[in-house]
Participant: 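This is the structure I have questions about; it appears just below.
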Amino acid sequence: MTAAPDDSSRVFDLLIVGGGVNGTGIARDAAGRGASVVLVEQDDLASYTSSASTKLIHGGLRYLEYYEFRLVRESLIERDRLLAIAPHIMWPLRFVLPHSEGMRPVWMLKLGLFLYDHLAPKMKLPKSRTLDLRTHSAGKPLQDRYKKGFVYSDGWVQDSRLVVLNAMDASARGADIRTRQRLISARRVDGVWEAEIEDMRHGGTTTLRAKALVNAAGPWVARLLADQLAVPNSKSVRLVKGSHIVVPQIFDGPQCYIFQNPDKRIVFAIPYEQGFTLIGTTDVAWDEEPGLVEISPQEVSYLCESVNRYFNKTVKPSDAVWSYAGLRPLYDDAAANASAVTRDYVLDLDTTGGAPLLSIFGGKITTFRKLAEHALEKLAPVLPAVSGHSWTADAALPGGDLGAGGFEPALRRFQDAAPFLPLQLAWRLMRSYGMRAYDIVGNAKELDDLGEDLGQGMMTSEVDYLIENEWATAPEDVLWRRSKIGLHMTKEERQKVADYMRQKLG
């Protein structure tokens, strides 16, 4: 990671506020074009919205109902690009959609899937087809009343790792990534932004100066404009809480399910973390302050009822072994209900005070890379430092250069290089870090060379790597964002990780 420079006289080209997927994506793209970039995030990377998704890289099948054809087309194109540049943390999935009487008719589902298959040119994933659920293996976990269904393709992403990989690549290209650094205020002074930044870990403040500022604060985007920047703005976000539960595995097989509910919403059931099923999401309007949120008992019941309409195996609220929730900062298009609010993004450029200010309203994880391109295109006329050619469409994210054949051959080569690793550990390291897994193993000749096993194969060498290369400074950074190993650990094992990090970081 790039060391923090002396800021006393330096003027950066770009100051980015917000360490979610949009902020880190813009930082990566801008740094790759030669711009000097500094990014500040008040907590850890992906602390909020970007780690609370349904973990899907998808076009958004249901957005077709709201005539979001441009967004779906862009998302489908981006889905294929992202699967290619980060095959270690993303992979294709097949989704089973049972037809349910009294809900969307068959003709509507067929039309939607046809559009989904053909909106994007040269789609690489298998197209949709009809299933006889009475004979197909995907119908076995379902109740007998579901006789017909459809299957289509989308993709999976380890969302918080995607954010970290963008930050790592940005840093490698010269960007200064500062976590747990909060913007107190910023003003235009002599044609540049002058920002006061508070160090949330060590205390104290610093002043940063930049020619342009990007407000990628997610749920805080409008509040940042009003409170920290004192810039009037007519646009706003609608905060929508989305919650998920994780339960012990409900069904066998690699397929996922997408279920229709009587309220016209949809809920996914997805194989998760070897031995679990992820169920989500909800759409609940949120009128309180942005920040960390939790699932409500009503949402847990809703998700259980949603899957219980379809699966033979009943899910109870008490089955949930973990849950998470986040706020989606959707652009406020005055839609009547939360589910209908657009998932598209709006980029608002303000140059009235001299130094440019670009604010990001809305967006979804699938389109972050294209959003970053559009953001820099919008800034380029007033910030020549970012006017270089777009380059991120085909450039692998850190660890994503797996070589010929993709993931499975790369895993076999990794096992050959480190035969002392248990298969599950080798698989997890390759799935999390790709080719960077070799950096964690280093010159080790046996498992003990990787240090102490803190639990479930989390070796101290891996924690060291995360601290030194991925801005991990707290146990939750390691247990729940850089990995999901916390889901598999006992309370005592999670405490061992916390104790080791405390000792390591002083």
Side-chain angles (χ1 to χ4, degrees), residues 53-65 72 75-76 79-80 83 90-120 123-157 244-282 302-315 319 366:
S53 76
T54 313
K55 325 298 183 194
L56 299 181
I57 293 291
H58 66 144
L61 180 61
R62 72 182 183 87
Y63 304 155
L64 293 173
E65 285 190 297
V72 173
S75 300
L76 289 170
R79 179 193 67 188
D80 284 356
L83 287 169
M90 305 188 200
W91 53 92
L93 295 173
R94 292 288 272 173
F95 288 79
V96 176
L97 170 58
H99 173 246
S100 181
E101 294 293 339
M103 298 191 192
R104 295 170 181 86
V106 169
W107 69 264
M108 182 182 291
L109 296 177
K110 284 186 174 180
L111 176 60
L113 289 168
F114 177 83
L115 289 172
Y116 206 65
D117 285 342
H118 293 89
L119 270 174
M123 181 173 132
K124 298 174 183 175
L125 299 184
K127 289 183 166 53
S128 62
R129 62 186 181 92
T130 303
L131 291 183
D132 185 343
L133 296 175
R134 294 169 297 185
T135 58
H136 195 277
S137 59
K140 290 182 180 179
L142 301 175
Q143 297 170 20
D144 291 340
R145 58 194 173 114
Y146 299 105
K147 298 176 174 58
K148 185 174 185 177
F150 306 89
V151 61
Y152 69 94
S153 297
D154 261 325
W156 175 264
V157 61
H244 301 74
I245 58 173
V246 175
V247 300
Q249 182 175 313
I250 301 173
F251 56 89
D252 295 325
Q255 75 279 1
C256 310
Y257 293 89
I258 173 172
F259 296 142
Q260 304 177 82
N261 286 332
D263 61 3
K264 302 297 185 183
R265 290 214 67 257
I266 55 97
V267 164
F268 293 99
I270 303 170
Y272 190 66
E273 285 291 314
Q274 295 80 52
F276 300 95
T277 300
L278 174 66
I279 301 171
T281 180
T282 59
Y302 174 87
L303 293 175
C304 291
E305 291 166 5
S306 296
V307 297
N308 287 342
R309 292 189 186 94
Y310 291 87
F311 285 130
N312 290 314
K313 188 173 183 177
T314 301
V315 178
D319 292 331
T366 307

Participant: May I ask you to test the L133-K148 pair for a side-chain heavy-atom distance under 4.5 Å?
Facilitator: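 Not in contact.
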
Participant: Output, in order, the C-alpha distance, side-chain angles, deciding distance and verdict of salt bridge (Lys or Arg N to Asp or Glu O under 4.0 Å) for K264 and E65.
Facilitator: CA-CA 11 Å; K264 302 297 185 183; E65 285 190 297; over 6 Å; no

Participant: With sequence neighbours left out, write down each residue that passes ring pair (Phe, Tyr, Trp, His ring centres under 6.0 Å) with F268, or none if nothing qualifies.
Facilitator: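 Applying ring pair (Phe, Tyr, Trp, His ring centres under 6.0 Å) to F268 gives F95.
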
Participant: Within the side chain of S153, is there an N or O that forms a donor-acceptor pair under 3.5 Å with the backbone of L125?
Facilitator: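 No; judged by distance alone, with no hydrogens or angles, the pair does not exist.
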
Participant: Taking D117 for its side chain and S128 for its backbone only, find out whether a donor-acceptor pair lies under 3.5 Å.
Facilitator: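 Answer holds: yes.
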
Participant: Side chains of I258 and V267: does their closest heavy-atom pair fall under 4.5 Å?
Facilitator: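 Not in contact.
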
Participant: Anything under 30° is parallel, anything over 60° is perpendicular, the rest tilted; go ahead and classify F311 against F251.
Facilitator: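 Ring orientation of F311 relative to F251: parallel.
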
Participant: Step by step, work out the side chain to side chain contact (heavy atoms under 4.5 Å, CB included) result for L56 and I270.
Facilitator: CA-CA 10 Å; L56 299 181; I270 303 170; 3.8 Å; yes

Participant: Keeping T277 on the side-chain end and I250 on the backbone end, is there a donor-acceptor pair under 3.5 Å?
Facilitator: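 Yes, because the side chain of T277 sits within donor-acceptor range (under 3.5 Å) of the backbone of I250.
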
Participant: To the nearest 0.5 angstrom, please state how far the OG atom of S75 sits from the CG atom of D80.
Facilitator: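 It is 11.5 Å, given to the nearest 0.5 Å.
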
Participant: Only counting residues at least two apart or in another chain, list the ones meeting ring pair (Phe, Tyr, Trp, His ring centres under 6.0 Å) with Y116.
Facilitator: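 Here the qualifying residues are Y152.
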
Participant: Would you call R134 and D132 a salt bridge, taking side-chain N to carboxylate O under 4.0 Å as the test?
Facilitator: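 A salt bridge links R134 with D132.
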
Participant: Which residues satisfy the side chain to side chain contact (heavy atoms under 4.5 Å, CB included) test with R309, sequence neighbours excluded?
Facilitator: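 Once residues adjacent in sequence are excluded, the partners of R309 under the side chain to side chain contact (heavy atoms under 4.5 Å, CB included) criterion are R145, Y146, N261, P262, S306.
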
Participant: More than 12 foreign heavy atoms under 6.0 Å from NZ of K140: is that the case here?
Facilitator: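 Counting other residues, nucleotides and ligands, NZ of K140 stays at 12 neighbours or fewer.
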
